[in-house]
Trainee: 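Just dropping this structure here.
The structure presented is a predicted model; accordingly, all values stated were derived computationally and were not measured. In the text below, chain A, chain B and the rest are named by the order of the sequence lines, each starting its count at 1.
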Number of protein chains: 2
Amino acid sequence: MQPANKMAVLKSFIDAKGLKSTSQRDFIAETFFKTNTHISLDELLSKVRKKTPNIGYATVYRTMKLLSECGLAIARQFGDGQTRYENLPEDGHHDHIICIKCAKIAEFQNPKIEQLQIEAAKKLGFTVVNHKLELYGYCPDCA
Amino acid sequence: MQPANKMAVLKSFIDAKGLKSTSQRDFIAETFFKTNTHISLDELLSKVRKKTPNIGYATVYRTMKLLSECGLAIARQFGDGQTRYENLPEDGHHDHIICIKCAKIAEFQNPKIEQLQIEAAKKLGFTVVNHKLELYGYCPDCA
DNA sequence: ATGAAAATGAAAGTTAATATCATTTAAGGA
DNA sequence: TCCTTAAATGATATTAACTTTCATTTTCAT
């Protein structure tokens, strides 16, 4: 999904819930929608403060909570003690492979794996609505 | 792997590192090796304290850190703010499927998925040494 | 314009993880 | 067996990230 469309989705969500629009929140969301990394609150805060130095941590926190609630961000824990927020990719779902030496994160897509997941779940009587797949290993530089 | 074998692995690891054996650590490890849930430090502490009331949180913490280091425990974050430790199953690796309504966790194994993971990583130049796969959906009771 | 409700930013509170430190204990060597 | 020394323990303090509170400001429907 394009950043502009995400803003539209956010707007509808805000309207539907009877919330109010603010310039701070809009700017935080816009900034987040432009990232393609797994960003932490602190990182997003400093990005945002480059243009708007007086924005508070709590506002970024609350904005990301809101984006998570309406599905525009995904909160993830990769194992360091921080929550990182993933921006929905423009081209659909992807999984992660994380270097256990340098912490580099690469992404990949594999429809066949997803198909097998659905089948494995079906055998247990489950219906899959979402998943997380993380591979841990060595990147080309650290191998 | 059987609990007894795990104790043996731990013993060798301790010897190899020049550490010392203690009754507290042994008892914590034994207790952990008997669980088949994803246990938090607090939960493990209270289990341990039923028989040995004067064991400290820090000792449980340090023991689980040690077990994680030597591969006998796997630290996981399912999204609540707590680290949970997974005991290696006796019959090899498994993945999880979690009900998003009742939080029930089922486990499954699928070698084909694992094979595809290795191939996907290879394409990016990565070597896989471990992975986490979690499916989220509805269990038979909640569907 | 006005007033109710929501948002903001600063600061305080919470929670889980980690480090510190005085004391105890394990284990190899005299 | 008795030292010696290094590691382990348990209590406590510290840290780091997250979450809440509260006084003030802003939005928006009327």
Trainee: Strictly below 4.0 Å, N to O, side chains only: are B:Asp95 and B:Lys132 in salt-bridge contact?
Mentor: no
Trainee: Nearest to the A:Tyr61 side chain among C:dG9, D:dT19, D:dA8, which nucleotide is it?
Mentor: D:dT19
Trainee: DNA chain C: B:Gly81 or B:Ser23, which has the more 5' nearest nucleotide?
Mentor: B:Gly81
Trainee: Touch check for A:Arg25, heavy atoms < 4.0 angstrom, all strands: base, sugar-phosphate only, or nothing?
Mentor: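 If one applies the 4.0 Å heavy-atom cut-off, A:Arg25 turns out to touch the sugar-phosphate alone, with no base involved.
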Trainee: Whole angstrom is fine here: how far is it from CE in B:Met64 over to P in D:dA8?
Mentor: 16 Å
Trainee: Base, sugar-phosphate alone, or nothing: which one does B:Asp42 contact when heavy atoms must sit under 4.0 Å apart?
Mentor: nothing
Trainee: Whole Å only: how far is the OH atom of B:Tyr57 from the C1' atom of D:dT14?
Mentor: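 Nearest whole value for this atom pair: 14 Å.
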Trainee: Is A:Lys47 reaching over with its side chain to a backbone N or O of A:Phe32, donor-acceptor style, under 3.5 angstrom?
Mentor: no
Trainee: Taking only the side-chain heavy atoms of B:Ala58 (C-beta and beyond), determine which of D:dT9, C:dA7, C:dA19 contains the nearest atom.
Mentor: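 Selected nucleotide (nearest to the side chain): C:dA19.
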Trainee: Please report, rounded to the nearest Å, how far the C1' atom of C:dT15 is from the CG atom of B:Leu45.
Mentor: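 For the pair B:Leu45 CG and C:dT15 C1', the rounded distance is 16 Å.
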Trainee: Tell me: CG of B:Asp15 to P of C:dA26, nearest whole Å?
Mentor: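 It is 15 Å, rounded to the nearest whole Å.
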Trainee: Of the listed nucleotides (C:dT8, D:dA7, D:dG10), which one gets closest to any side-chain atom of B:Leu19?
Mentor: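 Among C:dT8, D:dA7, D:dG10, the one nearest the side chain of B:Leu19 is D:dA7.
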Trainee: D:dG10, D:dA17, D:dC22: which one has an atom nearest the side-chain heavy atoms of B:Ile55?
Mentor: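 Nearest listed nucleotide: D:dG10.
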Trainee: Looking at A:Thr59, does any N or O in its side chain come under 4.0 Å of the phosphate oxygens OP1/OP2 on C:dG9?
Mentor: yes
Trainee: Counting only side-chain N and O atoms of A:Thr83, is one of them less than 4.0 Å from OP1 or OP2 of D:dC18?
Mentor: yes
Trainee: B:Gln24 CD to C:dT23 C1': how many Å, rounded?
Mentor: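 Rounding to the nearest Å, CD of B:Gln24 and C1' of C:dT23 are 13 Å apart.
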Trainee: Measure from CG on B:Leu41 to P on C:dA17 and round the result to the nearest Å.
Mentor: 5 Å
Trainee: Is there a path of hydrophobic side-chain contacts, each under 4.5 Å between heavy atoms, that joins A:Leu133 and A:Ile98?
Mentor: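 No; A:Ile98 is not reachable from A:Leu133 via cluster members.
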Trainee: Measure from the side-chain heavy atoms of B:Ser21 and tell me the nearest of C:dA17, C:dA7, C:dA27.
Mentor: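 So the nucleotide nearest the side chain must be C:dA27.
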Trainee: Is it true that a side-chain atom of A:Asn87 and a backbone atom of A:Thr35 form a donor plus acceptor pair closer than 3.5 Å?
Mentor: yes
Trainee: Find which nucleotide of DNA chain C each of B:Gln82 and A:Gly56 is nearest to by heavy atoms, and output the residue with the more 5' nucleotide.
Mentor: A:Gly56
Trainee: Measure CD/A:Glu43 against P/D:dC18 and give the value in whole Å, please.
Mentor: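 Between P of D:dC18 and CD of A:Glu43: 11 Å.
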Trainee: Would you say the rings of A:His96 and A:Phe78 are close, in the sense that their centroids are separated by under 6.0 Å?
Mentor: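 Between A:Phe78 and A:His96, the centre distance is under 6.0 Å.
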Trainee: Specify the separation, in whole Å, of atom NZ of A:Lys20 and atom C1' of D:dT27.
Mentor: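 Distance, rounded to whole Å: 5 Å.
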